[in-house]
Amino acid sequence: MTRNVNRPILLIALGGNALIRQGERGTCAEQFANLRRPMEQIARLADRYRIIITHGNGPQVGNLLMQQESCPEVPAMPLEILVAQTQGQIGYMIESSLESELLALGGEKRFLVSLISYVQVAEDDPAFRTPTKPIGPCYTAEEAARFPWPMAGTPKGYRRVVASPEPLTVVEKEEIRRLVEMDFIVVCCGGGGIPVTREGRAFHGIDAVIDKDLASACLCLEVGVDILVIATDVPGVATGFGTAAEEFLKHLDADEAGRLLTAGQFPPGSMGPKVEAVLRFVRGGGKRGVICHLDEIEQAVAGTAGTEITGGTP
């Protein structure tokens, strides 16, 4: 049977907690077990959509930093190298887990590829002066006070924060576009991509971690994605999150989502970048953008789960 390569393009952005859930140590067995549910869903979607998978790396890259800082005998690597390491690690885990689920469904052989991806940023981005990107495990306020590096409060506790510059372009966008046209399932832009700056025709790595949701939105617009799904560990977008007035929202138009974002309803270290990413996507011409729980990816694509953000003024 000849596969229809004109199927819509679906980009699924998996949070770093797709592999390490709150309260877990992050063992290999835990991470593979946590991937099973999202990979089952993606495998079932693969006959109806051409698929790109991006993923976070906050817990994993934070753990790598902790490992190398606790062992001075081993030379420490800069953040861009650690991002590259997590791209390989998580890409392997996603690819092997998804292949197992595809094989269990039978049907035609599917081609998968994990692509080491650079994302260009500006060397003078103001984010380098104010670290905001949470990585690594969560701590209490008392525990956080003992660490020498910048820490910030998040809805789940205090976490280490690093610079998170604005993604300007995905360097391998043409390679990704061609792979999708050839009906490959592509895993790319892991951890937001390896942050690089440009000097002439050369690229140079820089010490940062790019937000994977904003990098995903950038990639969506550069390769012509139709649907963006950001899968995380909550059912969708909520106002008053974590308070007695918490209210999850089924639908937002882009203008209302923008107003709520500006009003501070969505924290910068968690839901804020997700809403911002979907806003950029739909305002840039994307058809549908949804934020949903990792266990409800299929329902979100079908329009029965998550928070969908549509329309608005570019």
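All heavy atoms count here, side chains included; hydrogens, waters and symmetry mates do not. Remember, predicted model here, so these are calculated numbers, not experimental data.
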Please find the pair of heavy atoms, one from Leu14 and one from Lys212, that lie closest to each other, and give the distance. O-CE, 3.2 Å
Whether the side chain of Asp125 engages the backbone of Glu166 through a donor-acceptor N/O pair (distance < 3.5 Å, no angle test) should be reported. yes
Counting heavy atoms not belonging to Lys250, are there more than 12 under 6.0 Å from its NZ? yes
Treat each ILVMFWY residue as a node, draw an edge where side-chain heavy atoms are under 4.5 Å apart, and state whether Ile116 and Met93 are in one component. no
List the steps, then state whether side chain to side chain contact (heavy atoms under 4.5 Å, CB included) holds for Asp233 with Arg21. CA-CA 8 Å; Asp233 55 357; Arg21 303 289 176 95; 5.7 Å; no
Closest heavy-atom pair and its distance - Glu246, Ala238: CG-CB, 4.1 Å
Check: Thr86/Gln60 side-chain N/O donor and acceptor closer than 3.5 Å: no
Quick one: CD1 on Ile90 to CD1 on Ile53, what's the gap to the nearest 0.5 Å? 12.5 Å
Leu19 side chain reached by Pro59 side chain, heavy atoms, under 4.5 Å: no
Using salt bridge (Lys or Arg N to Asp or Glu O under 4.0 Å), reason through Arg288 and Glu308 one step at a time and then give a plain yes or no. CA-CA 7 Å; Arg288 294 179 59 217; Glu308 184 161 340; 3.1 Å; yes
Separation between CG of Leu214 and CG of Leu219, rounded to the nearest 0.5 Å: 12.5 Å
Any donor-acceptor pair under 3.5 Å linking the side chain of Gln68 with the backbone of Pro75? no
Looking at Thr130 and Ala127, would you say the former's side chain and the latter's main chain have a donor-acceptor pair under 3.5 Å? no
Can you tell me if Glu99 uses its side chain to pair, donor with acceptor, with the backbone of Glu95 under 3.5 Å? no
Between Arg259 and Glu256, is the closest basic N to carboxylate O distance under 4.0 Å? yes
Give me the atom names and distance for the closest heavy-atom approach of Pro131 to Pro150. CG-CG, 4.4 Å
Would you sort out whether Arg177 and Glu181 count as a salt bridge (Lys or Arg N to Asp or Glu O under 4.0 Å), showing the intermediate values? CA-CA 6 Å; Arg177 191 202 315 273; Glu181 288 172 353; 5.1 Å; no
Sub-3.5 Å donor-acceptor pair from the side chain of Ser117 to the main-chain atoms of Leu115, do we have one? yes
Answer yes or no: is there a side-chain heavy-atom contact under 4.5 Å between Val278 and Asp213? no
Short side-chain to backbone donor-acceptor contact, Gln41 and Leu294, under 3.5 Å: yes
Measure the shortest side-chain to side-chain distance between Ile206 and Phe128 over non-hydrogen atoms and say whether it is less than 4.5 angstrom. yes
Heavy atoms from other residues, nucleotides or ligands near CD of Glu69 exceed 12 (cutoff 6.0 Å): yes
Assigning hydrophobic clusters by single linkage (Ile, Leu, Val, Met, Phe, Trp, Tyr; side-chain heavy-atom cutoff under 4.5 Å), is Met77 placed with Val61? yes
Give the intermediate values and the outcome of side chain to side chain contact (heavy atoms under 4.5 Å, CB included) for residues Asp226 and Leu10. CA-CA 6 Å; Asp226 298 289; Leu10 167 64; over 6 Å; no
Relative to the ring of Phe111, is the ring of Phe184 parallel (under 30°), tilted (30 to 60°) or perpendicular (over 60°)? tilted
Are Ile185 and Val180 connected in the hydrophobic side-chain network, where two residues link if heavy atoms are under 4.5 Å apart? no
Are any of the side-chain nitrogens in Glu101 or Arg36 under 4.0 Å away from the carboxylate oxygens of its partner? yes
What heavy-atom pair brings Asp124 and Arg129 nearest, and what distance separates the two atoms? O-NH1, 4.4 Å
Are Leu112 and Leu102 side-chain neighbours, meaning at least one heavy-atom pair lies under 4.5 Å? yes
Would you give the length of the straight line joining atom NE2 of His204 to atom OH of Tyr118, rounded to the nearest 0.5 angstrom? 11.5 Å
Test side chain to side chain contact (heavy atoms under 4.5 Å, CB included) applied to Ser216 and Ile230, step by step: CA-CA 9 Å; Ser216 297; Ile230 296 178; over 6 Å; no
Are side-chain heavy atoms of Pro235 and Thr307 found at a separation under 4.5 Å? no
Classify the side-chain pair Glu222/Thr169 by whether it contains a donor and acceptor separated by less than 3.5 Å. yes
How many angstroms lie between atom CG of Leu79 and atom CD1 of Ile135, to the nearest 0.5 angstrom? 6.0 Å
Donor-acceptor pair, distance only, cut-off 3.5 Å: does the side chain of Gln265 make one with the backbone of Gly240? yes
Tell me, do Arg178 and Glu175 make a side-chain contact under 4.5 Å, heavy atoms counted? no
Please answer whether the main-chain N or O of Gln299 pairs with a side-chain N or O of Thr304 as donor and acceptor at a distance below 3.5 Å. yes
Heavy-atom closest contact (His55 atom, Val187 atom, distance): CD2-CG1, 4.0 Å
Consider only side-chain heavy atoms of I, L, V, M, F, W and Y, link residues closer than 4.5 Å, and tell whether Val119 and Ile176 are in one cluster. yes
Step-by-step side chain to side chain contact (heavy atoms under 4.5 Å, CB included) determination, Val209 to Val83: CA-CA 7 Å; Val209 175; Val83 172; 4.1 Å; yes
Would a 4.5 Å heavy-atom cut-off, applied to side chains only, mark Asn34 and Glu24 as touching? yes
Keeping the roles fixed (side chain from Arg198, backbone from Gly200), state whether a donor-acceptor pair exists under 3.5 Å. yes
Give the cluster check for Ile210 versus Val225: same hydrophobic cluster or not, with ILVMFWY residues linked at side-chain heavy-atom distances below 4.5 Å. yes
Between Val237 and Phe266, which heavy-atom pair has the shortest distance, and what is it? CG1-CE2, 3.2 Å
Asp47 and Leu105, any side-chain heavy atoms less than 4.5 Å apart: no
Taking the ring of Phe147 and the ring of Tyr158, is the distance between their centroids below 6.0 Å? no
Approximate separation, where rounding is to 0.5 Å, of Met39 CE and Ser96 OG: 9.5 Å
Measuring from Ile51:CD1 to Ile9:CD1, what's the distance to the nearest 0.5 Å? 11.0 Å
Given Asp183, which of Arg110, Lys109, Arg50 fulfils the salt bridge (charged side-chain N to carboxylate O under 4.0 Å, His left out) condition? Arg110
Quick check: does any side chain N or O of Arg159 sit under 3.5 Å from a backbone N or O of Gly136, one acting as donor and the other as acceptor? yes
